[in-house]
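Please read all numbers here as calculations on a predicted model, not as lab measurements.
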Amino acid sequence: MDFKLTEEHLAVQEAARDFAQNELLPGVIERDEHQKFPTEQIKMMGQLGFLGMMVDPKYGGGGMDTVSYVLAMEEISKVDASASVVMSVNNSLVCWGLEKYGNEEQKQKYLPRLASGEIIGAFCLSEPEAGSDATMQRTTAEDMGDHYLLNGTKNWITNGSTASVYLVIAQTNPELRHKGINALIVEKETPGFEIGPKENKLGIRGSDTHSLMFTDVKVPKENRIGEDGFGFKFAMSTLNGGRIGIASQALGIASGAYELALKYSKERKAFGVPISQHQAIQFKLADMATNIDAARLLCLQAAADKDAHRDYSKSGAMAKLFASKVAMDTAVEAVQIHGGYGFVKEYHVERLMRDAKITQIYEGTSEIQKIVISREILK
């Protein structure tokens, strides 16, 4: 077993770290406070190749492995989880889903622009009554012969107003339940497609989360991904990889909070010495460092499984379950180590604490990850 990163991996990690520190860190507090989408920063991420890292170079992507993606996600998430969730959705859900299951015409039409950041994508599965139970799709795609007629509402959509391409999961044959669901590519300017108000969120406030409404939206048959009824399998398979992205985001939030706490503990004095010399703080730091290393290994294991074409359902779910808990626990302790300063925005850790919570919820709650894991180990 070789735990060393390759030179290529280290170069990707360094490039992501430099971008995060030099381009994302300035203004990150203001973007959070005003719910401002990082438009210019996302464009730069596209130019640097961070929005299509795993896409085949023939479609304009970086052709990198999943390990590289995990490393980049961690570094960017240390600073700005609002930017990294855009990166995660575009890479893990939209680009990967299209490249894996789309036909050649769909790939040629959308992937080069998505990979370059010319446009970004959105993945539309959740609904008011279909969150963890994704089989309960109320959005319908009625088969009209040469097109589908799309009606319904999607909730909690990342990149809701900034995306140009939306992968929408909808029910075509209700009597077949999940086997009657389709995945459709919908473009932003399609008549009948309306974007709802922006959600006012606890964390990742810089990302734009919206409800989407579809009223008699005509979607050409050529915009269906895969065979009729393939939509649910498409969504679940795509989310498997998406979990690795969100696990890496959680890892980054934890790492960022830990690094800030470690630095502060060496500077802040109490009872005549830096607080890092007090055993109470040392034990907190020891737990944080240990848990972060464990979470990183789980993320890299899932990435390695995916790259080796092994089943990564269990390893991906384990990585997300554990890393998201570590993110929440570490961020809370980072605030505690900062004391009163941790409660104010300029020290960053309160934002990381707020950002951490969503990693236990989206792309499958922690409870859903336990279902996936238990199902795999009981096979």
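- Counting non-hydrogen atoms of neighbouring residues, nucleotides and ligands closer than 6.0 angstrom, the CD atom of Glu118 exceeds 12 such neighbours.
- Linking Ile, Leu, Val, Met, Phe, Trp and Tyr whenever their side-chain heavy atoms come within less than 4.5 Å leaves Leu149 and Val168 in two separate clusters.
- Counting only heavy atoms from C-beta outward, the side chains of Glu187 and Tyr110 approach each other to under 4.5 Å.
- A 4.5 Å side-chain heavy-atom check between Ser82 and Asp32 finds every atom pair outside the cut-off.
- Within 6.0 Å of atom CD in Glu104, more than 12 heavy atoms from other residues, nucleotides or ligands are found, so the atom counts as buried in its surroundings.
- Applying the 6.0 Å contact sphere to NZ of Lys221 captures more than 12 heavy atoms from other residues, nucleotides or ligands.
- Closest approach of Arg296 to Glu74, counting heavy atoms only: NH2-OE2, 2.7 Å.
- Side chains of Glu259 and Tyr264: no donor on one and acceptor on the other come within 3.5 Å.
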Self-check item: Derivation and outcome, side chain to side chain donor-acceptor pair (under 3.5 Å), residues His147 and Asn223
Solution: CA-CA 9 Å; His147 67 276; Asn223 281 27; over 6 Å; no

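- Crowding of Arg310 atom CZ: a count of heavy atoms from other residues, nucleotides or ligands under 6.0 Å exceeding 12.
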Exercise. Just do the salt bridge (Lys or Arg N to Asp or Glu O under 4.0 Å) check on Arg138 and Glu129 with the steps written out, would you?
Key: CA-CA 8 Å; Arg138 298 290 179 89; Glu129 295 181 43; 3.2 Å; yes

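- Because its NZ or CZ atom is not both nearer than 6.0 Å to the ring centre of Phe214 and within 45° of the ring axis, Lys154 does not count as a cation-pi partner of that residue.
- The shortest side-chain heavy-atom distance between Arg31 and Arg205 does not fall under the 4.5 Å cut-off.
- The pair Glu363-Arg243 does not meet the salt-bridge criterion, since no charged nitrogen lies less than 4.0 angstrom from a carboxylate oxygen.
- Thr158 and Tyr362 form no side-chain donor-acceptor contact under 3.5 Å, judged by distance and modelled atom types alone.
- Between Glu222 and Asn103, the shortest heavy-atom contact is O-ND2, 4.4 Å.
- Side chains of Ser237 and Asn240: a donor-acceptor N/O pair is absent below 3.5 angstrom, by distance only.
- Of all heavy-atom pairs spanning Leu352 and Lys78, the tightest one is CD2-O, 3.8 Å.
- Scored by the side-chain contact (heavy atoms from CB on, under 4.5 Å) test, Asp329 finds Lys325 as partners (sequence neighbours excluded).
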Exercise. Please step through salt bridge (Lys or Arg N to Asp or Glu O under 4.0 Å) for the pair Lys109 and Glu105, ending with a clear verdict.
Key: CA-CA 6 Å; Lys109 185 174 181 181; Glu105 185 181 344; over 6 Å; no

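- Taking the six-membered ring for Trp and thresholds of 30 and 60 degrees, Phe19 and Phe50 have ring planes inclined between 30 and 60 degrees apart.
- Side-chain contact between Phe271 and His278 is present, with at least one heavy-atom pair separated by less than 4.5 Å.
- Here the side chain of Gln137 pairs a donor or acceptor atom with the backbone of Ala134 at under 3.5 angstrom.
- Lys107 meets the side chain to side chain donor-acceptor pair (under 3.5 Å) test with no other residue; sequence neighbours excluded.
- A donor atom on one side chain and an acceptor atom on the other are found under 3.5 Å apart for Gln249 and Ser84.
- For the pair Leu51 and Ile120, the minimum side-chain heavy-atom distance is below 4.5 Å.
- A 6.0 Å sphere centred on NZ of Lys198 holds more than 12 heavy atoms belonging to other residues, nucleotides or ligands.
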Practice problem: Assess whether salt bridge (Lys or Arg N to Asp or Glu O under 4.0 Å) is satisfied between Lys314 and Asp305, documenting all intermediate values. | Solution: CA-CA 10 Å; Lys314 183 180 76 168; Asp305 284 345; over 6 Å; no

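- Two rings, from Phe123 and Tyr166, have their centers 6.0 Å or more apart.
- Here the side chains of Ser92 and Tyr69 are in contact, with some heavy-atom distance below 4.5 Å.
- Other residues, nucleotides and ligands contribute more than 12 heavy atoms inside 6.0 Å of the CD atom of Glu267.
- More than 12 non-hydrogen atoms from other residues, nucleotides or ligands lie less than 6.0 angstrom from NZ of Lys345.
- Between Ile244 and Thr66, some side-chain heavy-atom pair lies under the 4.5 Å cut-off.
- Applying the 6.0 Å contact sphere to NZ of Lys370 captures no more than 12 heavy atoms from other residues, nucleotides or ligands.
- Between the side chains of Glu194 and Thr215, no donor N or O sits under 3.5 Å from an acceptor N or O.
- Taking every heavy atom of both residues into account, Asp143 and Gly145 meet most closely at OD1-N, 2.9 Å.
- Judged by distance alone, the side chains of Ser126 and Asn155 never bring a donor and an acceptor atom under 3.5 Å apart.
- Using modelled atom types, one finds no donor on one side chain facing an acceptor on the other under 3.5 Å when comparing His210 with Asn159.
- Using a 3.5 Å distance cut-off with no hydrogens or angles, the side chains of Thr139 and Glu127 do pair a donor with an acceptor.
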Exercise. Take Asp208 and Thr162, measure what side chain to side chain donor-acceptor pair (under 3.5 Å) needs, and give me the verdict at the end.
Key: CA-CA 7 Å; Asp208 65 318; Thr162 48; 3.1 Å; yes

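- A 4.5 Å side-chain heavy-atom check between Glu376 and Lys379 finds at least one atom pair inside the cut-off.
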